[in-house]
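Proteins come first, then strands; the chains are lettered A, B, ... in the order of their sequence lines, and each starts at number 1. This structure is a prediction, so every number in the text was calculated from the model and none was measured.
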Number of protein chains: 2
Amino acid sequence: MADQAAPSGPTGDPSRGMSRRERVRETTLAEIKTTARRHLTEHGPSGVSLRGIARDMGMTAPGLYRYFASLSDLLLALQADFFTELAEAVRGASETVPEDDLDGRILAALRAFRSWAVANESEFTLLFGPPSHEHAGCPHEGEALAASQAFSAMFFTLFDQLLEEERFPVPPESELPPELTERLLAFAEHTGFRSPNVSPGAMRVLVACWVRLYGLVSMEVFRHLTFVMDDMRPMFEAELGAILATVGVRYRPPDDGDLPRQAGPGRR
Amino acid sequence: MADQAAPSGPTGDPSRGMSRRERVRETTLAEIKTTARRHLTEHGPSGVSLRGIARDMGMTAPGLYRYFASLSDLLLALQADFFTELAEAVRGASETVPEDDLDGRILAALRAFRSWAVANESEFTLLFGPPSHEHAGCPHEGEALAASQAFSAMFFTLFDQLLEEERFPVPPESELPPELTERLLAFAEHTGFRSPNVSPGAMRVLVACWVRLYGLVSMEVFRHLTFVMDDMRPMFEAELGAILATVGVRYRPPDDGDLPRQAGPGRR
DNA sequence: CACCGTATGCTAACGGCGTTCACTTTCATG
DNA sequence: CATGAAAGTGAACGCCGTTAGCATACGGTG
């Protein structure tokens, strides 16, 4: 399923053990994705075109078909990249705070999620907006799926630590409708969230948190409240506190003032 | 800006007091929108094209420019229609239950919101998905805005009745960060939600509810959990109960079994 | 070194799209 | 009946994704 037996680790330098041919191919492939992302951020998701990308690279559009099966396939590959970028941003922010401060790690992680979203609106839209096309069977479909699962696995890990510490009362299975219990177990099954702590009640709480976070950030990025509330940060912080209170995490205001207010550029 | 002095009321029969010329114009205009909607539901938001619509109507694309300034403008007009249709669906469901049963009315309203969304995925996407284009200054922009405000006004009304009955403890202003209070007041201001019961704390609760409902329904329609949880209804009902519990509304299972499970066709 | 297969990129072309422009036809009204 | 606005058309421009066929350059092999 995963990479072939590669000499270096899964995140190792990909140009290791490649022929010259393969290296230049990898280079143009990266250039295509870079250019595509620039078009994405500058003109929005619908402004990405193979012809435009090729033009910017001094190529012609049909040449790109040596790298991607279609425009959809290219967007799918971008999705994969964005998912891992987002996951790394979240993990990076979380690992900034000491390991024994779980509250701090979770706060940092969720704030990093929002920060990435508002700093990368088009990318966020691609990942979390409506499914753009029925690009079923595209070559990069598996890559995107794997990256999205790696992303959610990160949240699973954080949540599992909360369960481990018994931070909040997990609703007993008897309180859940049987229908819901079924779905929640199927959910844990399919996502591969396995842990001795997992239970339908735990999944119920996790999904509730994720739904709130998703709604909150989506409304901000999609500007469904922004026309009426210019700065969404106070609302985000308030809801963040409310969400985390349901899982026994004590809210704490951000250390730093450089979290995005409107769409302020990140510091680095 | 708005309509000229029209003899009939704002919701009166639009063909009253119109010349023959105006009537046929109104007819083709309606046919355009009907055809556009069919294309929308059949091929998704990106599958709507002026040429395709014209072809289906036995016209040519430039002819449509006598009715809409651009494709974006047509989509904007559709948005307006969908907002009022959704508002009417929600209001209609709510008015099914007796006026003195506020709990029942609210439950019916929110369930109707979800039902409309899953039964009209593309339409929902147009209304609540990412802002598709920067169609600023399109002629139908005002119409869409007004319709969206009329839609939210309906939720305001329901919420105001909860406030009136003092169903839940409204957080006092002193508990809210001043920054947030500012934004909430600006929010109430811009949306025209005026009532003796309105306060920053009340708005805080309202927004929290809306964010959760939006996230819940969006995730279902955009299929962000559906790959992993085939039937979202139990989850919706559970979250609905949790959301309403925060505003003092007692949950009650749906009377009827005909609420959508997967994407089941409505009864009528 | 020559050879050859493959990977890469090109041109040309097809059909579809939004949009503009100049033109005709239709029709209500003075 | 004449007139002028409204409605619709055909041609054209410049985009777009995608396919097919062709040239070229390169890597490994004799």
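With hydrogens and angles ignored, no donor-acceptor pair closer than 3.5 Å exists between the side chain of B:R51 and the base of C:dG16.
For the pair A:H43 NE2 and D:dC16 C1', the computed distance is 15 Å after rounding to whole Å. The distance from atom CZ of B:R23 to atom C1' of C:dA28 is 12 Å, rounded to the nearest whole Å. Protein atom CG of A:L74 is 14 Å distant from nucleotide atom C1' of D:dT18, rounded to whole Å. A straight line from CG of B:L64 to P of C:dT20 spans 13 Å, rounded to a whole angstrom. One atom, CE of A:M59, and another, P of D:dA25, lie 16 Å apart when rounded to the nearest Å. Counting to the nearest Å, the P atom of D:dA5 and the CZ atom of B:R25 are 16 Å from each other. For A:I53 and D:dT18, the CD1 to C1' distance is 15 Å, given to the nearest whole Å. Spacing between atom CZ of B:F68 and atom C1' of D:dG8 amounts to 16 Å, rounded to whole angstrom units.
B:R55 has a side-chain polar atom (N or O) that falls below the 4.0 Å cut-off from OP1 or OP2 of C:dC17. Taking side-chain N and O atoms only, B:T60 has no distance below 4.0 Å to OP1 or OP2 of D:dG8. A close approach under 4.0 Å does occur between a side-chain nitrogen or oxygen of B:Y65 and OP1 or OP2 of C:dT19.
Listed candidates were C:dC17, C:dG9, D:dT18. Nearest to the side chain of A:R66 is C:dG9. Among the nucleotides D:dC15, C:dC17, C:dT8, the one closest to the side chain of A:Y67 is C:dT8. Here D:dG17 is the nucleotide among C:dT19, D:dG17, D:dG8 with the atom lying nearest to any side-chain atom of A:L71. Comparing D:dA7, C:dG18, D:dT19 by their closest approach to the side chain of B:L50 singles out C:dG18. Residue B:P62 places its side chain closer to C:dC21 than to any other of C:dG18, C:dT8, C:dC21.
For the residue pair A:Y214 / B:S218, no side-chain donor-acceptor distance below 3.5 Å is found, with atom types taken as modelled.
Of the options A:F83, A:Y67, A:F68, a ring pair (Phe, Tyr, Trp, His ring centres under 6.0 Å) to A:H140 is made by A:F68 and by none of the others.
Aromatic ring pairs are classed by plane angle as parallel below 30°, tilted from 30° to 60° and perpendicular above 60°; the pair A:F156 and A:F193 is parallel. Between A:F113 and A:F155, the ring-plane angle classifies as perpendicular under the 30° and 60° cut-offs.
The residue A:G47 sits apart from the nucleic acid: no heavy atom pair falls under 4.0 Å.
Between B:R37 and B:D81 there is no salt bridge, since no side-chain N of the basic residue sits under 4.0 Å from a carboxylate O of the acidic one.
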